[in-house]
Amino acid sequence: MPDYILVAVAWPYASGPRHLGHVAGFGVPADIFARYQRLKGHRVLMVSGTDEHGTPVTLVADKEGVSPKEVADRYNRIIGDDLYRLGLSYDLFTRTTTRNHYRVVQDLFKTLYEKGYILKQTTLGAFASTTGRALPDRYIEGTCPICGYAEARGDQCDNCGSQLDPVDLINPRSKIDGSPPVFRETEHFFLDLPAFAEQLAVWIGAQEHWRPNVRTFSLNLLKDLKPRAITRDLDWGVPIPLPEFADRDDKKIYVWFDAVIGYLSASVEWANNCGTPDAWREWWQNPNSRHYYFMGKDNIVFHTIIWPGMLLGYGSGGEIGGGSVAAESERVPLQLPFNIVSSEFLTMEGRKFSSSRGIVIYVNDFLERYDPDPLRYFLTIAGPENQDTDFTWAEFVRRNNDELVATWGNLVNRALTNVYRHFKAVPQPSALTQTDLRLIEHIEHGFGTVGDLLDNARFKAALTEVMRLAMQVNSYLSDQEPWKVIKTDRERAGTMLYVALRCIDNLKTMMTPFLPFTSQKLHEMLGYEGYIAGPLEFREYTESDGSVHRGLTGDYSGWRGHWQPGSLPAGQALREPQPLFKKLDEQVVAEELARMEQRASG
RNA sequence: GCCGAGGUAGCUCAGUGGUUAGAGCGAACGACUCAUAAUCGUUAGGUCGAGGGUUCAAGUCCCUCCCUCGGCACCA
C-alpha cells in the first residue's frame, strides 16, 4: 500500500440538518477507513465540508426572509457539530463559501475554459414570473402531455415515467408558489464531457476493484455523454471568472461543479492551515497516492464522470497555488480517484426518509438521546453498504442489546471485573498452555483478515469478523472458568485472565476504527495513557479578506494505536471498569415510534 | 419505456462454478452463574422468486417470466 491516502468524503448539503441516511452513506464508512489507514501508519488526508451553494439553500433563505449565507452558516454549524459528535476524524471539514475555495474553483474553471473544454451555449430556461428567479426543471410541475397526470415534474413524469421538457408541460406552474413560469433564452457554460469519453472509458474499464454497480453504472453513462451545463441563473454561487461575468449577479457556477472541486480546495486549505502550503501536493500531485471517495449512490455520476473529466481536462495546467509555483514543464497532473466507494440508501421503518413528511431521524436529534458508538455499530453492521437497508428502532435496540452489549461489552466487562477484583493490574502470566497460545494467535491473526476486509472497503464483513473473534474469547473464558480456578490456583487463574486481557487489548485496536469512543474508554481502563486515536477539535480560520470560518480538524499524528498486536505489559495498573455500553430498554422502540408519528402528523 | 440492483432459514443478511448452502439474532434443549438475566454448547429450521438451458458440477453462468427497489443527467 502507498503511503499517501486521500479520503474524500461527500459534502453534506447545507439546506437543513442531516439525517441518519446521510452519515450512513458516507460519513461513518469514510471515517472507519481513514482511522484504519492511520493505524496502519499511512499518511491519511480526510477532507470534506458543507456544500453551501445552489437553489435549495436560496429557497430556505427566501422562505425565512434571510440571506443564503445565514442559512449556510446555520447548517454548517449544526452539521459540523453532528460530525464532531459522531467522531468523524476529518483532517479538515470546511465549507464551500471560503475565499480559498472560490479561488481554486475559479482556477479550474478558467483553465478548462482556456483549454477549450468549456463551451458556451444558449438554452431555454424557466423563470418564476413572480420573483424572476430561475426555476430548475424539478421545481416546475404541470400536466403530463403524454399521460395526462396532473402533477408531473418538469424533468420527468412520476406517473408514466416519461422524460419531459418543462416547456411541454400543460399548464406549468412553479412548485414553490404556484405561479406560471416564463421561458426565455439564457446563455450557459457547458463542460464538454464527450471530449473525455474515450479516456474515461479506458480508465473506468480498468478499475476492476470498484464495486460492480459503480463501474457498470458509470460505463453505461458513457454511452450517451452530452455536454453538461456548469453555470446557473442564480445569484448564489461562485462567480464565473471571465471579465464579462465577474460582476454579474444573475449567473454563477453550478453548485456541483464547485462541490467536487472542494476535495482539492479543502486539501489546499488544510495545507495552508498547517503552515505547509505545498503539503497538498503529496496527495494530489503524487502518482503513488491513492484517492478514495465515499458517497451515496445518487452521487456516482459526479465522482466517476464529471470530476474525473474535470481532472483530466485540467491535467498539469494551471497552478492552484498555495505555495511555490512549479514551472509548467515540471507540473504533475492531478490524481484521479482510485476507488469510488458508493453506498446504497437507508430507509426508515420501511419508508423513504422524508423531512417534509416527518419520516426522518436527524443526527443531532439521535445523539441527544443515544451514544455515537452504538449508532456507528448499527450503521456499519446493518447499513446500506451493498443494498438498501432499513433502519428500525426495534432492530437498533436489538443490535445494541443482543450483539454490541452482549458480545463485546459483556466480554470486556466480565474480564475486567474479574481482573480488577482479584489483581487490580494486568496479571503476570506463568507458562501459557497450547489453548492459551492458540487463542492469542487466533485473535492476532485478525489484524490480517480484518485489515484485508477494510482495505477493500468491506466494512460489514470486517466488523462481523471482529465480533466473531470476541465470541471466541467469551468461549475461552466460559471454558476455562478463571473465577473457579482462582479459588485453588491463583497463578493459573491470573494467566487465563492475562490471556483474555491480551486478546481484548488487540480487539480494542481492531474495534477502534468502528467504535472510537468506547475503544478509547477501554484503552484507559486497561491502564494506558493518551489517545489511541483522537481527539477532534474545532478551529477558527481567518482568510485574507478578514472573514472567519470554523473547521473541524484534529492532530492525529499523536495517535498511540498501531494496527498490529500489542504487548500488554504485565503489572500495568487497571482503572476501575465501567460498562462500555448501555443496554436499551425495549420501551425505547415504542417511544421513538410515537415521536415519529407525532412528527409525521404535526 | 430504457438502464441497473435485488428476491437465500422465522428476522437481518453472507455466499469468489466444486464436499452435506452459511453467520448473527430469534426458537428449543442443556451447561455455567465471573459478567449489563449477560455468556458457552447442542439441535431444529432452506425444492437459494418461477420455469427452461449450458456444464462432469449452478444460489453462482445464459434465456424467459413474476415481484420489490433505485436511476434516467437543469434536485443536490
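Each chain gets a letter, A, B and so on, in the order the sequences are listed, and its residues count up from 1.
- Distance check, rounded to the nearest 0.5 Å: CG of A/Leu526 to OG of A/Ser519 gives 10.5 Å.
- Side-chain polar atoms of A/Thr392 and A/Asp390 form no donor-acceptor pair below 3.5 angstrom.
- Between A/Asn401 atom CG and B/G26 atom P the separation is 10 Å, expressed in whole Å.
- For A/Asp233 and A/His188, the side-chain atoms include at least one donor-acceptor pair closer than 3.5 Å.
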Once each nucleotide of nucleotides 2-16 of chain B is scored for protein heavy atoms under 4.0 Å, what B/S/- sequence comes out, 5' to 3'? -SS-------SSSS-
For A/Trp393 and A/Tyr370: C-alpha separation, side-chain torsions, deciding distance, then whether ring pair (Phe, Tyr, Trp, His ring centres under 6.0 Å) applies. CA-CA 12 Å; A/Trp393 285 103; A/Tyr370 309 99; 5.5 Å; yes
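- In the set B/A35, B/C75, B/G24, the nucleotide with an atom closest to the side chain of A/Met471 is B/G24.
- Atom CD of A/Glu403 and atom C1' of B/U39 are 15 Å apart (whole Å).
- When rounded to the nearest whole Å, the span between CD of A/Glu586 and P of B/G26 equals 11 Å.
- Between A/Met510 and A/Leu469, the closest side-chain pair of non-hydrogen atoms falls below 4.5 Å.
- Ranking B/A76, B/A35, B/G70 by closeness to the A/Lys297 side chain, first place goes to B/G70.
- The side chain of A/Arg414 contributes no N or O atom lying less than 4.0 Å from OP1 or OP2 of B/C34.
- Computed from coordinates, the A/His303 NE2 to B/A73 P distance equals 19 Å when rounded to whole Å.
- Ring pair A/His303/A/Tyr263 is tilted by interplanar angle, where 30° to 60° counts as tilted.
- Taking a pair as Watson-Crick or G-U wobble with both distances under 3.5 Å, RNA chain B forms stems of 3 or more consecutive pairs at B:1-7 with B:66-72, B:10-13 with B:22-25, B:27-31 with B:39-43, B:49-53 with B:61-65.
- A donor and an acceptor atom, one from each side chain of A/Asn386 and A/Arg211, are nowhere located under 3.5 Å apart.
- As rounded to whole Å, 14 Å separates atom P of B/C72 from atom CD1 of A/Ile305.
- Across the protein-nucleic acid pair, A/Asn474 atom CG and B/U36 atom P stand 13 Å apart, rounded to whole Å.
- The shortest side-chain heavy-atom distance between A/Ile504 and A/Trp408 falls under the 4.5 Å cut-off.
- Judged by the 6.0 Å and 45° rule, A/Lys583 forms no cation-pi pair with A/Phe581.
- With A/Phe423 as the aromatic partner, A/Arg490 meets the cation-pi criteria of under 6.0 angstrom to the ring centre and within 45 degrees of the ring axis.
- Going from the P atom of B/U12 to that of B/G51 covers 23 Å, rounded to whole Å.
- Of all nucleotides listed (B/G24, B/C74, B/A35), B/C74 comes nearest to the side chain of A/Arg228.
- The stretch residues 481-505 of chain A comes close to RNA chain B through A/Glu481, A/Trp483, A/Lys484, each having a heavy atom under 4.0 Å from the strand.
- Residue A/Arg153 contributes atom CZ, which lies 12 Å from atom C1' of B/C74 at whole-angstrom precision.
- Taking atom P on both B/C62 and B/G6, the two are 12 Å apart, rounded to the nearest angstrom.
- Taking only side-chain nitrogens and oxygens, A/Ser15 never comes nearer than 4.0 Å to OP1 or OP2 of B/A76.
- Relative orientation of the A/Trp236 and A/His53 rings is perpendicular, given thresholds of 30° and 60° on the angle between their planes.
- The distance between atom CG of A/Asn413 and atom P of B/C34, rounded to the nearest whole Å, is 14 Å.
- For the P atom pair drawn from B/C65 and B/A73, the interatomic distance equals 26 Å after rounding to whole Å.
- Only the P atoms considered, B/U42 is 13 Å distant from B/C25, to the nearest whole Å.
- Ring-plane geometry between A/Phe26 and A/His22 is classed as tilted, the angle between the planes lying from 30 to 60 degrees on a 0 to 90 degree scale.
- To the nearest whole angstrom, the two P atoms, one in B/C48 and one in B/C11, are 16 Å apart.
- Both the sub-6.0 Å distance and the 45° axial angle are satisfied by A/Arg184 relative to the ring of A/Phe127.
- B/G15 and B/U60: their C1' atoms are spaced 9 Å apart (whole Å).
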